[in-house]
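Mind looking over this structure? Questions follow.
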Amino acid sequence: MKKLLTVLLVLTVASSLAFAGGGQQGGGSGGVTKGMDRKIVMGYSQIGAESEWRTACTNSVKAAAADFNIELIFSDAQQKQENQLQAIRSFIRQKVDVIAFTPVVSTGWEAILQECKDAGIPTICVDRTVEAPNTLYDVYIGSDIKAEGVKAAKWMVDYMKSTGNTRGKDDGNRTINIVELQGTVGSAAATDRQIGFKEELAKYPNYKIIKSQTGNFTRAEGLQVMEAWMKAPDAGEIDVLFAHNDDMAIGAIDAIKAAGKKPATDIIIISVDAVKGAFEAMLRKELNATIECNPLLGPQIMETGIKLVQKQPVQKWIPSIEGQYDWTTAEAAYPSRQY
Ligand code: GYE
């Protein structure tokens, strides 16, 4: 029994170390970091692999680290904040030069950010914002997430007024019923998209969100939630689906088809990210529109990391550049899409 316990303990410690460390990638061996006289080390706490967007982001970070010859200690938190805190503490212990992290949820970061500050390690918050005084981190690199929600609502209203769905157009009187698939609860990506969407919607009293539930930014949960909605007695009254990301919309499309309805014609569908899967759905005429959120943040993260190590000034927010696409512009844009 004792032996078994020891083996188990060793296994647990080994796997958690592998987990926190996550292995070193990028940067190759030897050499110096671009623009430096030595090689620098970056710890990166990624949240997981929930979506096509996230995979594109991770690939961009790893490729850029190799390109800049930065030694990257990459850690995957599997959607758990506690794993992120553990990883960041291990980066501090390893005395990395700079720490980058994507906060899975927006709260609960003050203490760890203070620990980084006390250790003199600069921090880069990536793609989701934190609810903490901005003196606690050095820079946020990512999108204007709230603006994405506003853009989605604007596109929806324009489309409902000009074209509409099988049930008709928005004539200003008819109630337009919306169902909303939210991202991970407590994440800035979900909270701010919802705030932006609702803020714009408030201008149009005949638009109503009749159901709203999380699908955790994944296809599987998007499908599950939509499946339940399509079985409810009021399924026939759904005019629009707003999904906080493309993966959930793609899952929901399958559920809509399985229920015998035509996605993008019976139910208008708008999502966020603009990943390849969304373009393919738009080309199949199953998704109406997607608002771009750029995951290719690797080069900006590495450039900023180097600047921070060199104690050069950086902007507090480095915004990503993005557009929006619908099924009339998808075909022309598709060949040049990188993610
Ligand atoms: O939109 C979604 C993802 O944090 C902006 O996270 C990101 C979001 C992205 O998994 O697909």
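Every number for a ligand or one of its atoms is a count from 1 in the order of the listing.
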Contact between Trp229 and Gln213 at the side-chain level, heavy atoms closer than 4.5 Å - yes or no? yes

Is the distance from the ring center of Tyr44 to that of Phe101 below 6.0 Å? no

Hey, does the side chain of Asp97 reach the backbone of Val41 with a donor-acceptor pair shorter than 3.5 angstrom? yes

Exercise answer, ligand 1 polar atom pairs (N/O) under 3.5 angstrom:
unit_1   : atom_1 : unit_2 : atom_2 : d
ligand 1 : 1 (O)  : Arg193 : NH1    : 2.9
ligand 1 : 1 (O)  : Arg193 : NH2    : 3.1
ligand 1 : 1 (O)  : Asp273 : OD1    : 2.6
ligand 1 : 4 (O)  : Arg54  : NH2    : 3.1
ligand 1 : 4 (O)  : Asp127 : OD1    : 2.5
ligand 1 : 4 (O)  : Arg128 : NE     : 2.7
ligand 1 : 6 (O)  : Arg54  : NH2    : 3.0
ligand 1 : 6 (O)  : Arg128 : NH2    : 2.9
ligand 1 : 10 (O) : Glu50  : OE2    : 2.4
ligand 1 : 10 (O) : Ser51  : OG     : 2.8
ligand 1 : 11 (O) : Ser51  : OG     : 3.2
ligand 1 : 11 (O) : Asn245 : ND2    : 2.9
ligand 1 : 11 (O) : Asp273 : OD2    : 2.6

Can you tell me if Gln338 has over 12 outside heavy atoms packed within less than 6.0 Å of its CD? no

Around atom NZ of Lys311, are there more than 12 heavy atoms from other residues, nucleotides or ligands closer than 6.0 Å? no

Salt bridge present between Glu52 and Arg219 (N-O < 4.0 angstrom): yes

